[in-house]
2 protein chains.
Amino acid sequence: MASFPNRPVPNRAIQRTCVNCSLSELCVPVGLDPADMERLDQLVERQPPLESGAHLCRVGERFTTLFAVRSGCFKSYRMDSEGRERVLAFHLPGELIGLDAIYPGVYQSNVVALDMGGVCALPYSDLSRLASQIPRLQEQIFRLLSKDLSAYAWLAGDYSAEERVAGFLLDLSNRYRERGYSDRVFNLAMPRRDIANYLRLATETVSRVITRFERESLIHTERREVSLLDLDGLNERANHCLQALG
Amino acid sequence: MASFPNRPVPNRAIQRTCVNCSLSELCVPVGLDPADMERLDQLVERQPPLESGAHLCRVGERFTTLFAVRSGCFKSYRMDSEGRERVLAFHLPGELIGLDAIYPGVYQSNVVALDMGGVCALPYSDLSRLASQIPRLQEQIFRLLSKDLSAYAWLAGDYSAEERVAGFLLDLSNRYRERGYSDRVFNLAMPRRDIANYLRLATETVSRVITRFERESLIHTERREVSLLDLDGLNERANHCLQALG
DNA sequence: CGCTGTCTTGAGTACGATCAAGTACGGTGG
DNA sequence: CCACCGTACTTGATCGTACTCAAGACAGCG
């Protein structure tokens, strides 16, 4: 009867409105007054939960909607010219998917549910129109786009395997805390292979680093469940490379 | 009396208005009608050219303005925890600087002129307000932000030294072509050290790859001047890793 | 029970970093 | 004009981290 570290805190029932949604302080509606949130509500299409492995969108499809994660964890990835997968991002509740598709007008990545997860679909043209009527909404979209830029910046740095893995764990920890989950004990929704791919490491390397961290009592793992035992120590190992994401 | 490959085409005189500016098809004003461009013009502060080595902004300074490059080439960089420089981007005319500062509200990088270069300063709060009044301006800012996301995505990939250098040269080539310069012969505004740092390689590695490309007649270099002799060959070496930037 | 897929551990290898010279260019001053 | 110096760049030799290949451990499931 193991506990479910990153489940219980928020209400998991499908939220009917942004006003009721526990994620409204992280997601698109940040800073909107109730009346404006109501207008935003009217364009949001709340979609039924997807099965693990189901795709939200694929590279090259015409971009029409942004997706806001309501629950679960999603993975963005592309295939390179040799058909190898490249994981670009993991998306947690409250985060927007598809921002990089605005410029070219077609989705730039495949997005797949890693566990059962639900999204809110935000038709982009409607959202864009509403944003030009509600300055604070426009501002929030600017901020969310800008935030993603910082996230990529750290992924693009040349860090050692240890720095990358430590940074990855701490980044997840921070994001879970923001969402009201435990920042010390959580389940990894993604297999080691996806973590490795995301960090541009071999699966074996990630495994070895995790083992090393465990031997040094920085973390404890049991399958997908991770406990961060020594946040300061991890931060040192990450070499303070996680800069952004205030 | 060598020619100046990437100088002559656009008018280098300081443009007084966006309407007259040869970069208006790349920069913020894309898609605006003359009346709206006039309104944008009024908030643009055209700054006198900076000397090579002069800084535009520094990490941690309060973010108030975006900068649009008018001429020259700028470099964004940060210092890591050990005081080593990390080059994040090179900015050519028509490109926006400071987008990643919107979210945190402070500049995320130091920006320095690599050669004599001028910028237009765009006070962010004014720009934001105007964008909420001009939907096409809002849309263009969304697109510029989104475009930067794609640019980071390729830098974050795990490519070999050859792929990175080839990709870098082809990326520059594409960006020069967009700006009306030659896409086959151009001057590198930045020293090898900065290129290497940007690509997360050692200076020596960049030098070796360039030498190799030269031996294989893919390119010809003479100091900072580069000629791309075989674009297809380079594309192959880049392994089609430059995906975005349509 | 064996099958499958995930994860871990081990041995050898390769790519790029580091260390170290050497070359070429540009500026300065005599 | 040339000698000098500093910086940028190139080339060479060695080293180390992370990759590859390979095998074994462990859990879930038919």
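Within every chain, numbering begins at 1; the chains are lettered A, B, ... in the order of the sequence lines, protein sequences first and strands thereafter.
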Y159(A) backbone acceptor or donor facing R164(A) side chain under 3.5 Å: yes
Residue-phosphate contact under 4.0 Å: R192(B) side-chain N/O, dT10(D) OP1/OP2: yes
Show every side-chain hydrogen bond (donor to acceptor under 3.5 Å, both in side chains) that has at least one partner inside residues 206-222 of chain A, sequence neighbours left out. E162(A)-R212(A), E214(A)-H220(A), E214(A)-T221(A), E216(A)-R237(A)
Check every strand shown and say whether R212(A) touches a base, only sugar-phosphate, or nothing at a heavy-atom separation below 4.0 Å. nothing
Compare side-chain N and O positions of R224(A) against OP1 and OP2 of dC7(C) and report whether any pair is under 4.0 Å apart. yes
I need the residues from residues 196-209 of chain B with at least one non-hydrogen atom less than 4.0 Å from DNA chain D; give them sorted by number, or say none. E204(B), S207(B), R208(B)
Which value, rounded to the nearest 0.5 Å, describes the distance between D148(B) atom CG and D148(A) atom CG? 12.0 Å
Donor-acceptor pairs under 3.5 angstrom involving side-chain atoms of residues 49-60 of chain B: please list them, not counting sequence neighbours.
{"unit_1": "S52(B)", "atom_1": "OG", "unit_2": "L114(B)", "atom_2": "O", "d": "3.0"}
{"unit_1": "H55(B)", "atom_1": "ND1", "unit_2": "R58(B)", "atom_2": "NH2", "d": "3.2"}
{"unit_1": "H55(B)", "atom_1": "NE2", "unit_2": "Y77(B)", "atom_2": "OH", "d": "2.5"}

Salt bridge (Lys or Arg N to Asp or Glu O under 4.0 Å) partners of R84(B), counting only residues at least two apart: D80(B), E82(B)
Write down the protein N/O and nucleotide N/O pairs, taken from nucleotides 23-28 of chain C, whose separation is under 3.5 Å; answer none if there are no such pairs.
none

Going by ring-ring contact (aromatic ring centres under 6.0 Å, His included), name the residues that satisfy it together with Y198(A), two or more places apart in sequence or in a different chain. F90(A), F168(A)
Kindly assign one of parallel, tilted or perpendicular to the pair Y176(B) and F186(B), based on the angle between their ring planes and the thresholds 30° and 60°. tilted
Closer than 4.0 angstrom, basic N to acidic O: yes or no for R78(A) and E85(A)? no
